[in-house]
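Residue numbers start from 1 in every chain, and the chains themselves are labelled A, B, ... in the order their sequence lines are given, proteins ahead of strands. In this text, all values refer to a predicted model and were calculated from it rather than measured experimentally.
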There are 2 protein chains.
Amino acid sequence: MAVTLKDIARRVGVSITTVSRALGGYDDVAEGTRQRILQAAREMGYRPHTIAQSLRRQRTNTVGFIIPTAGPRFSDPYFTEILTGIGNEAAEHEFDLLVSTRAPGAQEQEAYERMVGSRRVDGLLVIRTRCRDERITYLVEQGFPFVAFGRSDLDLDFPYVDVDGTKGLDEATQYLIDLGHQRIAYISAPPNLMFAHYRLAGYKRALERNGLPVQEELITTGRLTQEDGYREGSRLLTLEHPPTAIIAANDLMALGVISAAQERGLAVGRDLAVIGFDDIPLAEHSHPPLTTVHQPIYEIGKMICRMLIQLIKNEEPVQRRVMLEPALVIRESSGGC
Amino acid sequence: MAVTLKDIARRVGVSITTVSRALGGYDDVAEGTRQRILQAAREMGYRPHTIAQSLRRQRTNTVGFIIPTAGPRFSDPYFTEILTGIGNEAAEHEFDLLVSTRAPGAQEQEAYERMVGSRRVDGLLVIRTRCRDERITYLVEQGFPFVAFGRSDLDLDFPYVDVDGTKGLDEATQYLIDLGHQRIAYISAPPNLMFAHYRLAGYKRALERNGLPVQEELITTGRLTQEDGYREGSRLLTLEHPPTAIIAANDLMALGVISAAQERGLAVGRDLAVIGFDDIPLAEHSHPPLTTVHQPIYEIGKMICRMLIQLIKNEEPVQRRVMLEPALVIRESSGGC
DNA sequence: ATTATACTCCAAAACGTTTTGGAAGTCAAG
DNA sequence: CTTGACTTCCAAAACGTTTTGGAGTATAAT
């Protein structure tokens with residue numbers, strides 16, 4: 001059986017209270033007693049019973065994270081990276097991480113209600129914010145602590161971190177225009193995702209600023225998978241007047257585009273420029289290496305987790321809205337280097 | 001404030017016990033009373049306090065999963081997929097999932113001790129078993145329920161699921177030999193990983209069976225990243241007598257090899273055959289599509305999670321050792337189709 | 001010698017459940 | 001009218017902590 005405060009108390013010949021206070025570092029226990037207690041605890045291999053602590057303190061020291069998956073064979077490396085960030089930061093603060101994996105929809109909403117209602121976690125992390133995001137409405141309504149990765153179109157005040165996707169796509173587009181490209185296609189993200197709009201806006205803004213037409217036939221949408229990138233890339237390349245450059249809303253789709261181009265015998269970087277977004281590790285070692293808009297995914301994971309924990313502990317006034325600058329990382333897939 | 005059994009009891013005019021029993025579905029509460037209680041619970045939005053339940057029942061209904069990461073920018077899609085499997089299966093059984101992310105080493109061991117000692121989880125999932133795996137020794141020693149993905153070289157009896165890597169690599173190698181390849185290189189995994197040995201053994205077995213020499217210069221090792229695949233691939237291709245085929249211990253490295261080959265102007269599938277292992281979704285849509293040894297990662301995640309939950313509930317006699325057959329998926333990267 | 005001040009300690013309550021071991025009440029059978 | 005068997009209910013203990021509000025004792029100040 002696991003050893004409890006009671007066991008230590010009995011062995012040292014002292015009350016449970018005193019053991020608790022000695023271990024808790026309070027100064028109302030004599031130095032000698034404290035030593036005997038610490039020693040006994042060590043010898044007996046005492047570990048506090050987290051569940052009991054949580055119940056009593058009304059604090060679980062746990063953050064929740066519901067990963068919005070897309071089907072069973074879901075394997076976006078993006079999520080591993082952000083999860084690593086979140087997990088490592090949580091560990092640093094001695095917080096645990098409760099994870100759920102649910103595809104967006106009713107079951108996902110239920111998962112949120114479960115986590116909030118059952119009081120298993122002190123706060124939640126929301127990623128990939130959506131238009132009229134019900135998760136956010138719900139959490140704000142419940143007054144439940146959370147931090148989001150991504151802004152919202154709801155008129156609600158909540159803490160978030162985001163990357164300026166408009167700027168990122170503007171820069172990427174401008175870079176291609178500067179290289180002389182006139183027909184630049186864009187594979188956008190599902191329109192219910194907030195970032196889809198920001199990035200699309202950046203693309204359009206750059207075109208317009210340079211007096212280039214925004215052509216509907218060059219704008220398409222994919223579900224952020226490599227497969228969709230491949231499919232949409234193929235479509236674009238078989239257009240009567242195919243684009244000379246393709247930007248994808250994320251790296252995975254950009255990699256799909258590269259496959260599509262290579263299958264057609266095009267040399268990516270020479271015959272066709274390709275740019276992605278995210279800068280997942282895969283991007284650096286693709287062939288050719290992918291030009292992409294870098295966002296510090298791991299750091300963002302750490303950051304939102306840190307902010308949430310601050311919020312929970314209501315420590316120092318948290319910076320509630322963090323906007324990060326993306327950076328265009330130029331590699332070979334865009335040519336011109 | 002959250003509503004408790006006490007609140008319902010007061011409102012319905014009945015004891016806490018009765019409320020608990022009504023909600024728990026016991027048959028010692030009158031039908032009328034039960035209805036009034038259920039109704040009140042619904043109206044008041046009652047949600048059981050999981051922590052309190054756990055404390056009382058001495059069961060957390062939570063499984064733990066410590067992801068062995070490799071550095072901050074860790075983003076192996078393999079882990080997202082297995083996590084999705086685990087998470088979805090857990091949800092089906094109304095179990096929660098507590099995740100930690102730790103690089104192998106002292107901190108990882110501590111994470112295990114924390115999870116076990118603090119009694120926050122009812123069982124653990126161990127993946128990527130290692131030689132003389134301390135995690136396994138520890139868990140067996142503690143008598144703590146767990147299920148592993150991967151066998152062990154320890155003389156211990158524990159439940160696991162594994163894929164026959166020897167067979168997988170044997171088949172892959174044989175396939176290349178049948179295509180006429182004589183110089184087949186192999187990029188192995190870090191030797192502390194159990195699967196590294198099984199796969200390597202399969203490679204050697206096939207060579208020997210066919211009377212081909214096992215050449216040290218054609219066997220190398222990478223840390224399972226695309227980067228290492230690229231590096232080792234480059235090295236192999238600049239050998240005086242370069243191989244005509246390269247097998248990598250996982251898909252990510254195989255993708256790195258493809259990059260290395262293409263950079264040298266080799267047409268993968270024609271000038272060089274490449275085969276991976278895992279069959280991550282990325283493999284299907286690379287260019288050219290990657291021939292690889294398929295293992296059902298998502299299903300394995302579900303399976304080990306299901307087995308663990310059975311173990312915890314000590315339901316039906318669990319099948320303790322599951323060995324899955326891998327299947328060679330032939331795509332273009334290996335040529336010959 | 002009294003009072004004040006530290007210093008150590010602890011009993012008991014509380015967190016929200018589940019479970020045990022009856023206590024009432026009702027009803028049919030003897 | 002008793003007895004026994006059901007049915008329906010509940011008080012209290014327990015799970016392992018933390019925290020509150022003192023109690024007791026020794027020491028210092030008056």
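The side chain of A:R57 lies closest to D:dT18, out of D:dT18, C:dC9, C:dT18. Of all nucleotides listed (C:dG16, D:dC10, C:dT19), C:dT19 comes nearest to the side chain of B:S20. Side-chain proximity of A:H49 to the nucleotides C:dG16, C:dC10, D:dG16 is greatest for D:dG16. Of the listed nucleotides (C:dT8, C:dC10, C:dT20), C:dT8 has the atom at the smallest distance from the side chain of A:A30.
A straight line from CG of B:D7 to C1' of C:dC15 spans 13 Å, rounded to a whole angstrom. Protein atom CZ of B:R59 is 19 Å distant from nucleotide atom C1' of C:dG16, rounded to whole Å. Remark: P of D:dA14 and CD1 of B:I16 are 17 Å apart, rounded to the nearest angstrom. We find that CG of A:N61 is positioned 20 Å from P of C:dC15, with the value rounded to whole Å. Residue A:M44 contributes atom CE, which lies 13 Å from atom P of D:dG16 at whole-angstrom precision. Atom CZ in A:R21 sits roughly 12 Å away from atom P in C:dC9 (whole-Å rounding). Rounded to whole Å, the distance from CZ on B:R10 to P on C:dG16 is 11 Å. Rounded to a whole Å, the CD1 atom of B:I51 is 14 Å from the P atom of C:dT18.
Distance alone, capped at 3.5 Å, places no donor-acceptor pair between the B:D153 side chain and the B:C131 backbone. For the pair B:T50 (side chain) and A:S118 (backbone), a donor-acceptor distance under 3.5 Å is present.
Residue contacts shown for B:T33 are limited to sugar-phosphate atoms, with no base heavy atom under 4.0 Å away.
Residue side chain B:T17 reaches the base of D:dA11 through a donor-acceptor N/O pair under 3.5 Å, judged by distance alone. For D:dT18, its base sits under 3.5 Å from the side chain of A:R56 at one donor and acceptor pair at least. In terms of polar N and O atoms assigned as donor or acceptor, the side chain of B:D28 comes within less than 3.5 Å of the base of D:dC9 in a complementary pairing.
For the pair B:Q53 and C:dG16, the criterion of a side-chain N or O lying under 4.0 Å from OP1 or OP2 is not met. In this structure, B:Q58 reaches the D:dG16 phosphate: one of its side-chain N or O atoms is under 4.0 Å from OP1 or OP2. Between B:Y26 and C:dT19 there is a side-chain polar atom (N or O) within less than 4.0 angstrom of OP1 or OP2. Distances shown here put a side-chain N or O of A:Y46 below 4.0 Å from the OP1 or OP2 atom of D:dT17.
For the residue pair A:T62 / B:R120, a side-chain donor-acceptor distance below 3.5 Å is found, with atom types taken as modelled.
Both the sub-6.0 Å distance and the 45° axial angle are not jointly satisfied by B:R135 relative to the ring of B:F146.
In summary, B:E89 and B:K302 engage in a salt bridge, as defined by a charged side-chain N under 4.0 Å from a carboxylate O. B:R321 has a carboxylate O that lies under 4.0 Å from a charged side-chain N of B:D157, or vice versa, which qualifies the two as a salt bridge.
A residue-by-residue look at A:R47 and B:V29 shows that B:V29 has its nearest nucleotide of DNA chain D further toward the 5' end. Both A:R36 and B:T4 lie close to DNA chain C; mapped to their nearest nucleotides by heavy-atom distance, the more 5′-ward contact belongs to A:R36.
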